[in-house]
Amino acid sequence: MVTLIKAPRGTKDLLPGEIEKWHYVEKIAREVSEIYGYHEIRIPIFEHTELFQRGVGDTTDIVQKEMYTFQDRGGRSITLRPEGTAGVVRAYLENHLNSQPQPVKLYYLGPMFRYDRPQAGRMRQFHQLGIEAFGSNDPALDMEVICYTYDFFTKLGLTNLRVMVNSVGCPQCRSNYGRALKEFTESHRELLCENCRDRLERNPLRVLDCKEESCQRLLDGSPDIHDYLCNDCSSHFQQVNEYLNLTGVPFEINKKLVRGLDYYTQTVFEVTTVGPDEGSLAGGGRYNNLVETIGGMSVPGIGVAIGLERVLIALENQGVQLPLEQKKIIYIATAGEDPEGKLAREAVLLLLELRKAGFAAEKDLMGRSLKAQMKFAGRLGASYVVIFGLEEIQQGRLLLRDMLKGEQLEIPRDGLVEYLKSLLN
RNA sequence: GUGGGUGUAGCUCAGUUGGAUAGAGCAUCAGGUUGUGGCCCUGAGGGUCGUGGGUUCAAGUCCCAUCACCCACCCCA
């Protein structure tokens, strides 16, 4: 026997039974996006490696150790997208969307790839819903993106959400604050974890959300980033707060929220659940310099990425029953001997007729006995079974069995479609 | 990249101090006399015991290695 090839580590098949939930979540995603005025964009699943190096940032874990990078046959370095923003920014520039009325508001839905060790809620191929809005620095847009995220979750039925918001300022504020933070930790550097000592040099803000207890203890009484925001950043953040207060979204300000991607400026936010930990459900923020980094033109932007696997896990943990509806199935069964294949032909004709009329119809394809056909119809979850043999054909009638009630009645062959329509509407 | 746990049928698991053709339930398929599902009964198919080595007269069982999966850390969605 040939050895079985399995799906690569960190990937999995979504089978019937599970995929319906995805369809539902995707449906809500599209509905909410439409309500908020975001339009779908489909960008490539792979891009030039350099796009992510420049966009996501060379110092990030994503670029340093998590990218699926390979050479294509033309010798180009290609990377499977680890996130959506960089690609959307590229598409915005490449397609001159800056010449459209601003802001340009886009959403995407699809797989992302990161070379991580898989665990609960973390796959090498995972799926994100994301939105990006370009061309406006209005705090009301920050509010809108956060509100969109919260709305999406609540429409799905999630509760116990924690929405954390912060501002990391512009590069100027950040470098001032970074300096202050370095000074503050200078005297007890040895108390920081190894990782943080490194962070202090590369990206000082990241020290703030370190999970090491010793680091957190040291940070007690550390400088407040909000004291280092310039006037513009400070008032921007204040206005975001004011707008958010109008929305009813239960957010909290977390001064230590930093986020791992280099490109964020000013507003950053993250959504998690309060109870059992599925990891964060969504993260996002403003990136007023990213477009410039990628394309040389200064355009403000803001976005969010929502992890769909984690949303599904949270829904499961919270016992949310999704309203999955499935079409009622009509099964066609034949009874008795069929030496000339007449029953089989009649069954096919009926099948075609039912499907043409819009019903989900099935017939036996396994050459099963009537008993086995009934059993199969039961397993399919068929609502009705149409049964006939040669005798019924001759008399121009059929048996129609209601599988739920376990009752059946005789009806004229010609009236079947109309009768089923009256039953199912 | 680091640490922990688990690998026996499609699934969930038994398998004694090492001992003969490796079992059960569920699932699948077929039957339980003429043409009727769910319950019940009978039967069938399905396993290189993750893989490779070692110890032993004898390994599913003991030892080593390796791989895969799960979980956690880092980080993130």
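Residue numbers start from 1 in every chain, and the chains themselves are labelled A, B, ... in the order their sequence lines are given, proteins ahead of strands.
Rounded to whole Å, the distance from CZ on A:F376 to P on B:U28 is 11 Å.
Remark: the separation of the P atoms in B:U17 and B:U33 is 47 Å, to the nearest Å. The separation of B:A22 from B:C40, taken at their P atoms, amounts to 30 Å, rounded to a whole angstrom.
As judged by a 4.0 angstrom heavy-atom cut-off over every strand, A:E337 is placed among residues making no nucleic acid contact. Here A:R379 lies in heavy-atom contact (under 4.0 Å) with sugar-phosphate atoms only. Contact annotation for A:Q64: no contact, since no heavy-atom pair falls under 4.0 Å across all strands. Residue contacts for A:L370: at a heavy-atom cut-off of 4.0 Å it reaches a base atom on one of the strands shown. Counting any heavy atom pair closer than 4.0 Å across all strands shown, A:G406 reaches a base atom. Backbone-only engagement by A:L281 is indicated by non-hydrogen atom pairs under 4.0 Å involving sugar-phosphate atoms exclusively. Residue contacts shown for A:K6 are limited to sugar-phosphate atoms, with no base heavy atom under 4.0 Å away. Here A:A377 lies out of heavy-atom contact (under 4.0 Å) with every strand. Across all strands shown, A:L261 has heavy atoms under 4.0 Å from sugar-phosphate atoms exclusively, and none from any base. As judged by a 4.0 angstrom heavy-atom cut-off over every strand, A:M123 is placed among the base-contacting residues. Residue contacts for A:E391: at a heavy-atom cut-off of 4.0 Å it reaches a base atom on one of the strands shown.
Judged purely by distance below 3.5 Å, without hydrogens or angles, the side chains of A:Y107 and A:R30 pair a donor atom with an acceptor atom.
OP1 or OP2 of B:C71 has not a single side-chain nitrogen or oxygen of A:Q119 nearer than 4.0 Å.
Side-chain rings of A:F134 and A:Y92 approach one another, their centers coming within less than 6.0 Å.
In this structure, A:R413 pairs ionically with A:E346, as a charged nitrogen and a carboxylate oxygen lie closer than 4.0 Å.
The base of B:G35 does not come close enough to the side chain of A:Q373 for any donor and acceptor atom to sit less than 3.5 Å apart.
Between A:Y148 and A:Y36, the ring planes are perpendicular. Angles over 60° get that label, and only those under 30° would be called parallel.
Secondary structure note: stems in RNA chain B built from 3 or more consecutive Watson-Crick or G-U wobble pairs under 3.5 Å occupy B:1-7 with B:67-73, B:10-13 with B:23-26, B:28-32 with B:40-44, B:50-54 with B:62-66.
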